[in-house]
Protein chains: 2
Amino acid sequence: MINVLIADDHQMFIDGMKALLRDLPGIKVVGEACNGKEAVIHCQENLVDIVIMDVNMPEMDGVEATKALFKTNKNLKVLGLSMHRDRHFIADMLKNGASGYILKNTGKKDLLDAIHTLYKGETYVSEEVNKILLASFLKDSSKYEVNERLSERETEVLECIAVGLTTLEIGEKLFISKNTVESHRKNLLYKLKAKNTAELVNNAYKRGLIN
Amino acid sequence: MINVLIADDHQMFIDGMKALLRDLPGIKVVGEACNGKEAVIHCQENLVDIVIMDVNMPEMDGVEATKALFKTNKNLKVLGLSMHRDRHFIADMLKNGASGYILKNTGKKDLLDAIHTLYKGETYVSEEVNKILLASFLKDSSKYEVNERLSERETEVLECIAVGLTTLEIGEKLFISKNTVESHRKNLLYKLKAKNTAELVNNAYKRGLIN
DNA sequence: TATTCAATCCCTGAAAACAGGGATATTAAT
DNA sequence: ATTAATATCCCTGTTTTCAGGGATTGAATA
């Protein structure tokens, strides 16, 4: 019997997934969580084999939750799940201990394949995810890799930018000079490969850095 | 027997929903659609009582699809569905013929309540949706209402802004003068109540105008 | 028919963002 | 001990956006 936990911030998705897995032999949904924190707590207190983990969640996102889970329990398998076909999420999840990744626009078959593959101790990525990873690899292999993970400060600045604050206003709010904010801005543009503020916010959404 | 069609752009959500409704007496999922266009076509060719319609979809969104469906078949009931708790979507759906609305963060119970209520010919909005509508009503009742619906052109410009094009570049791409683009920009800022480009993109995402 | 609305075009001046340098202190990792 | 990353601060000049006017056309609607 494979014990599965579902972590997603949309109850209806959880309910649907539970119904999907309900009648399947060998699979049992033993719990649900609407954010990363709940997922981690549940796994510490109960026996869970596989966590189906959405990446974008409030409180604690899927990447952080996976990292936390992997630290305490190496036997636990995490299956990453997201709407966005963004390579950074996929890479972050796999780097931090996830054993598989599928997109929400793939269907039931891929999900079941993934669960069974993970339970055997192997890695599963759906066909589309594989393409994304391959394309990403080919593009980056020759160049030096930029650390696209944002620092705490950068994330703060990003959030301020998104709600419409100007550089000066952000400086006042965070008690730093406007020059500093401009530096963070530059680094954000670089890291998120954006040409201007509009694209910055757009890319931040695409990567789920804002919700 | 209630014949249900599910329209959502995420296959996994459709599969989950199908599983959820599978074993229920009196309900039968007779079809699925991954965009508004498919939903409309399916309803023209098959007998459908209720369409569970996601708002954010490619090709043709839920609002447009509902409008189209309502023109040809008044007996058909549409249940609006979205992740975002944005009052504009809810209002747009209900104004254009939807008989109910629920959010994806509500669970199975609300969904079933909604389906049965709609089938009886009544209107259903979940508790949370009701709160949103009430708050919206209280806020707007005294003021004149701004038509926040974007024109086609404005939507085009919005999309260009989001991918990082400048006013000049947008003008070149859409074969209009930069002055015209600036006008659209101004109207967009006004309609989406944004102070600048960053907040504009942010609000557009929050309302699901970009995906 | 009159009016409203979308879409187009035009202008100016101020504010903000962007490109592009450079610099220092602290901390964490190699 | 050195390096790398983070966070901080500074400057200049150019480009872009924003706020604020105004105007015309055509289509749809009341």
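The sequence lines fix the lettering, A, B, ..., with proteins before strands; numbering per chain opens at 1.
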Salt-bridge present (B:Lys67, B:Glu64; N to O < 4.0 Å): yes
Atom pair distance, as rounded to whole Å: [atom1] in [X] and [atom2] in [N]:
X	N	atom1	atom2	value
A:Leu192	C:dC18	CG	P	13 Å
A:Asn196	C:dA15	CG	P	22 Å
A:Leu189	C:dC18	CG	C1'	8 Å
A:Glu156	D:dT6	CD	P	15 Å
B:Glu199	C:dA16	CD	P	14 Å
B:Arg185	C:dT8	CZ	C1'	17 Å
A:Leu165	C:dA15	CG	C1'	16 Å
B:Leu200	C:dA16	CG	P	17 Å

In A:Leu174, A:Asn187, A:Thr167, A:Thr180, the residue satisfying side-chain contact (heavy atoms from CB on, under 4.5 Å) with A:Val157 is A:Leu174
CE (B:Met17) and NZ (B:Lys104) are apart, to the nearest 0.5 Å, by 7.5 Å
CG (B:Leu168) and CD (B:Glu172) are apart, to the nearest 0.5 Å, by 5.0 Å
Would B:Lys74 pass as a cation-pi partner of B:Phe70, given that its NZ or CZ must be under 6.0 Å from the six-membered ring centre and within 45 degrees of the axis? yes
Can you tabulate the close N/O pairs, meaning under 3.5 Å, that link protein atoms to atoms of nucleotides 7-14 of chain D?
from	atom 1	to	atom 2	distance (Å)
D:dA7	OP1	A:Ser151	OG	3.4
D:dA7	OP1	A:Arg153	N	3.3
D:dA7	OP2	A:Ser151	OG	2.1
D:dT8	OP1	A:Arg153	NE	3.1
D:dT8	OP1	A:Arg153	NH2	2.9
D:dT8	OP2	A:Arg153	NE	2.9
D:dT8	OP2	A:His184	NE2	3.0
D:dC9	OP2	A:Ser177	N	2.6
D:dC9	OP2	A:Thr180	OG1	2.4
D:dC9	O5'	A:Thr180	OG1	3.4
D:dC9	N4	A:Ser183	OG	2.7
D:dC10	OP2	A:Asn179	ND2	3.2

Working note: A:Glu128 + A:Lys131, criterion salt bridge (Lys or Arg N to Asp or Glu O under 4.0 Å); need CA distance, chi angles, decisive distance, verdict. CA-CA 5 Å; A:Glu128 199 173 356; A:Lys131 274 184 198 161; over 6 Å; no
Less than 4.0 angstrom between a side-chain N/O of B:Thr197 and OP1 or OP2 of D:dC18, yes or no? yes
